[in-house]
Amino acid sequence: MRWTKSLIPTLKEDPAEADAVSHRLMVRAGLVRQLAAGIYVYLPLGQRVMDKINAIIREELNRIGGQEITMPVLHPAELWQQTGRWAAIGDEMFRLHDRGNREMCLGMTHEEVIAWLAAREIHSYRDLPQTWYQIQTKLRDEARPKSGVLRTREFLMKDSYTLDRDEVGLDKSYQLHKEAYCRILERCGLAFHVVESDPGMMGGVGAHEFMAPSEAGEDEIAHCDRCGYSANVELAGSHPRNPTFPDSTLEEIATPNAGTIEEVCALLKIEPALTIKSLLLVTKDGPLLALVRGDQHLHEKKLSIVAGEFRPAHRDEILSHLGAGPGSIGPVGATLPTIADESLRVGRYVVGANKDGFHLRGVVPGTHFQARWADIHHARSGDGCPRCEAVLRVERVIEVGNIFKLGTKYSLALKAVYLNEAGEERPIVMGSYGIGPARIAAAAIEQHHDQLGIIWPETIAPYQVHLLPVNVRDDKMVELAEAIYTQLQGERVEVLYDDRDERPGVKFKDADLLGLPLRLTIGSRALKEGMVELKVRKTGEELRVPPSEAAARAKALLSHPAK
RNA sequence: CGGGGCGUAGCGCAGCCUGGUAGCGCACUUGCUUCGGGAGCAAGGGGUCGUUGGUUCAAAUCCAAUCGCCCCGACCA
């Protein structure tokens, strides 16, 4: 492609709204433009990247027997009412009415439509298993779109669904998808972890997420390098290192004006790990006391899995339930339901005495108070791995894909059933699998860039070669460039030909910004010796070759030449 | 939905505090020079200062409302 015939609006300066690296570079390199919060236009270069990623996704899904279909974006409300999600999902679903005032919504995902289709078209065990997928626009009225294309209100998603006779079949389909996803992300050049995740409101019996490490990510995972344990922190177990517990016996101590853990520790000259943080919460069943070690943080999601929804108690509620202010409450003598973090099973601690200005020392959980045990603390780097006790690492990640074992939730609701060999009616067992092409693109940029710009993995680069004649007013250079351009195209190498009449500096800066894998420079410097230059964007490696060999050498340097 | 910030030319910004009718850099157009890492000179084009209302002789500037965008948090099927 000739630059002069393309829309590649590069920017010299960072756009003011862009914060994340990938967002800045995608805008500066002319891949995308923002239309409104969380709504983006993909420009030609951005579109090519998406096409590359989608092609890889299609290949890998077809390889495991996936069949591509296209489902509507516009759905009748009844479908979602039948599965209960019409009511369960809140403001995040775009809802509208048609001219006949019928309720409709825009699809956030397509389990309902798949189950509807299956209910009509699948009748016999002979029809199963099936794998159906689409690459389709999804709409979600996100509370807070952010980080460029990482969290948007309208986005492309590859979603696939497996239909099986039973759990055994689902396991097999699930495993195939897991492998396909790994191949997709590897081919796209991403570093990633596969982690256990919370099925959440998808409802289901098992789930994994595919996480690409990046500062721009919204999630955190805990990972063990030794045994490979990997889980979303919402789920991750961890064994915080135990402090050395003092031999103190149970006694009440005055702690005037010391309310926070820090103040109490400063006063008593102890470390926070020797205290218990007591939090009064209010659930739909009433007050609840949650306990974590003083140096740990409560993980609200973990707690809500065992205790349901809750909110922090107000000050007057704390006073009326425990008889003391928030800085002095504790589990000893409290008559409230209590959940204590697993890490508190051993040790002796300082806790609030439920008496303003006093704490208790030498409190032994299980002896001096009773509680229900649960893992409710936030895993941190340095904690012990729950499987092998090696050191866990917590890192920020971008969720690029997820897979769920749905089971029969949707098939039961929408009567997607089949007859087995015995002629008995059985619900179809479903799986659901999503992957976000835009997130893959953004994660690739997050993971592969430098001060100057993007460094595309060859597999998803919008073009492979950046052909750059330094001065297009030099007839000899142009003649050579045109010839090499033709040759490269003949070799089926995707080439962006910067035929603009711009100063060299401008063209070089743009080349670095766009980050195509190979730059082929035609300039007087090398031309004096009858050579042209090839430069590898990733390594900075440079070599000179005769013009006649340029196209062939360029192709050879690309480890993933375009087909 | 809570907290914070910002809306002035295509992009990045100044001007606002202390009202007097808009400016800088880049980009764009034309000409000349220049040509291997974001050129120089000269001449130009482009803005209802987010919107609405109020105060005032006079509002980008002060007041109010409203809309939009960004960041932190909550939420995230």
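We name chains A, B, ... by the order of the sequence lines, and we start the count at 1 in each one.
- Rounded to the nearest Å, the gap between the C1' atom of A59(B) and that of A22(B) is 13 Å.
- Residue contacts shown for Ala526(A) include a base, since a base heavy atom lies under 4.0 Å away.
- Atom CZ in Arg144(A) sits about 12 Å away from atom C1' in G2(B), given to the nearest Å.
- In terms of polar N and O atoms assigned as donor or acceptor, the side chain of Arg519(A) comes within less than 3.5 Å of the base of G37(B) in a complementary pairing.
- Within a 6.0 Å sphere centred on CZ of Arg553(A), heavy atoms belonging to other residues, nucleotides or ligands number 12 at most.
- Nucleotides of RNA chain B nearest to Thr521(A) and Lys301(A) differ in position, and the one nearer the 5' end is that of Thr521(A).
- Side-chain atoms of Thr152(A) and Glu154(A) include no donor-acceptor pair closer than 3.5 Å.
- Put simply, CD on Glu309(A) is 15 Å from P on A74(B), counting in whole angstrom units.
- Applying the Watson-Crick and G-U wobble criteria (two distances, each under 3.5 Å), G7(B) pairs with C67(B).
- When Met1(A), His466(A), Glu482(A) are each tested for a side-chain contact (heavy atoms from CB on, under 4.5 Å) with Tyr497(A), only one passes: Glu482(A).
- For U61(B), there is no paired nucleotide, since no Watson-Crick or G-U wobble pair has both relevant distances below 3.5 Å.
- One interatomic measurement links the two molecules: CD1 of Ile39(A) to C1' of C69(B), which rounds to 12 Å at whole-angstrom precision.
- Of the candidate nucleotides G37(B), C26(B), A39(B), C26(B) has the atom nearest to the side chain of Lys12(A).
- Atom NZ of Lys146(A) and atom P of G4(B) are 19 Å apart (whole Å).
- Among the heavy atoms of the strands lying under 4.0 Å from Asp510(A) is at least one base atom, whether or not backbone atoms are also near.
- Residue-level contact check: Gln34(A) touches the backbone only, with heavy atoms under 4.0 Å from sugar-phosphate atoms and none from bases.
- Counting any heavy atom pair closer than 4.0 Å across all strands shown, Arg33(A) reaches no nucleic acid atom.
- Across G36(B), C35(B), G38(B), the shortest atom-to-atom separation from the side chain of Arg473(A) is found for C35(B).
- Annotation: G7(B) and C62(B) have their P atoms spaced 12 Å apart (nearest Å).
- In this structure, of G36(B), A77(B), C35(B), it is A77(B) that holds the atom nearest to the side chain of Glu92(A).
- Under the Watson-Crick or G-U wobble criterion, with both distances below 3.5 Å, U55(B) is left unpaired in every strand shown.
- As rounded to the nearest Å, G5(B) and G45(B) have C1' atoms that lie 34 Å from one another.
- Atom CG of Asp91(A) is separated from atom P of A74(B) by 18 Å (rounded to the nearest Å).
- As rounded to the nearest Å, C24(B) and A65(B) have P atoms that lie 35 Å from one another.
- Cation-pi contact between Lys405(A) and Tyr174(A): present, with separation from the ring centre below 6.0 Å and deviation from the ring axis of at most 45°.
- With Trp80(A) as the aromatic partner, Arg95(A) does not meet the cation-pi criteria of under 6.0 angstrom to the ring centre and within 45 degrees of the ring axis.
- Look at Arg85(A) and Glu111(A) and you find a salt bridge, because one of the NZ, NE, NH1 or NH2 atoms lies within 4.0 Å of a carboxylate O, short of that distance.
- Comparing U34(B) with G23(B), their P atoms are spaced 34 Å from each other, to the whole Å.
- Taking atom P in both C13(B) and C71(B), the straight-line distance is 14 Å, to the nearest Å.
- Of the nucleotides present, U33(B) is the one that pairs with A39(B) by Watson-Crick or G-U wobble criteria, both distances under 3.5 Å.
- Under the Watson-Crick or G-U wobble criterion, with both distances below 3.5 Å, U18(B) has no partner in any strand shown.
- With hydrogens and angles ignored, no donor-acceptor pair under 3.5 angstrom links the side chain of Glu502(A) to the base of G37(B).
- The side chain of Arg503(A) approaches U34(B) more closely than any other nucleotide in the set U34(B), G37(B), C71(B).
- Of all nucleotides listed (C69(B), G36(B), U34(B)), C69(B) comes nearest to the side chain of Glu17(A).
- Residue Arg525(A) places none of its side-chain N or O atoms closer than 4.0 Å to OP1 or OP2 of G36(B).
- On the P atoms, U61(B) is 16 Å away from U56(B), given to the nearest whole Å.
- Rounded to an integer number of Å, the gap from Phe508(A) CZ to G38(B) P is 10 Å.
- Among the atoms of the strands shown, only primed sugar atoms or phosphate atoms (P, OP1, OP2) are found under 4.0 Å from some heavy atom of Ala37(A).
- In this structure, Ala18(A) reaches neither bases nor backbone, as no heavy-atom distance under 4.0 Å exists between it and the strands shown.
- Within the 4.0 angstrom heavy-atom criterion, only backbone atoms of the sugar-phosphate kind lie near Ser147(A); the bases stay farther away.
- In a base pair of the Watson-Crick type (N1 to N3 plus N6-O4 or O6-N4) or a G-U wobble (N1-O2 and O6-N3), with each distance short of 3.5 Å, U48(B) is matched with no nucleotide.
- Using modelled atom types, one finds a donor on one side chain and an acceptor on the other under 3.5 Å when comparing His377(A) with Ser238(A).
- Between the side chains of Thr4(A) and Arg2(A), no donor-acceptor pair is found at a separation under 3.5 Å.
- RNA chain B is contacted by both Lys535(A) and Ala20(A); Lys535(A) maps to the nucleotide lying nearer its 5′ end (nearest heavy atom per residue).
- Look at Arg140(A) and you won't find any side-chain N or O under 4.0 angstrom from OP1 or OP2 of A77(B).
- Atoms CD (Glu13(A)) and P (A9(B)) sit 14 Å apart, rounded to a whole Å.
- Side-chain polar atoms of Ser230(A) and His223(A) form a donor-acceptor pair below 3.5 angstrom.
- When Watson-Crick and G-U wobble pairs are counted only if both distances are under 3.5 Å, G23(B) pairs with C13(B).
- Here the separation of C49(B) from U8(B), taken at their P atoms, is 11 Å to the nearest Å.
- With rounding to whole Å, Phe94(A) atom CZ is found 16 Å from A77(B) atom P.
- The residue Arg500(A) sits apart from the nucleic acid: no heavy atom pair falls under 4.0 Å.
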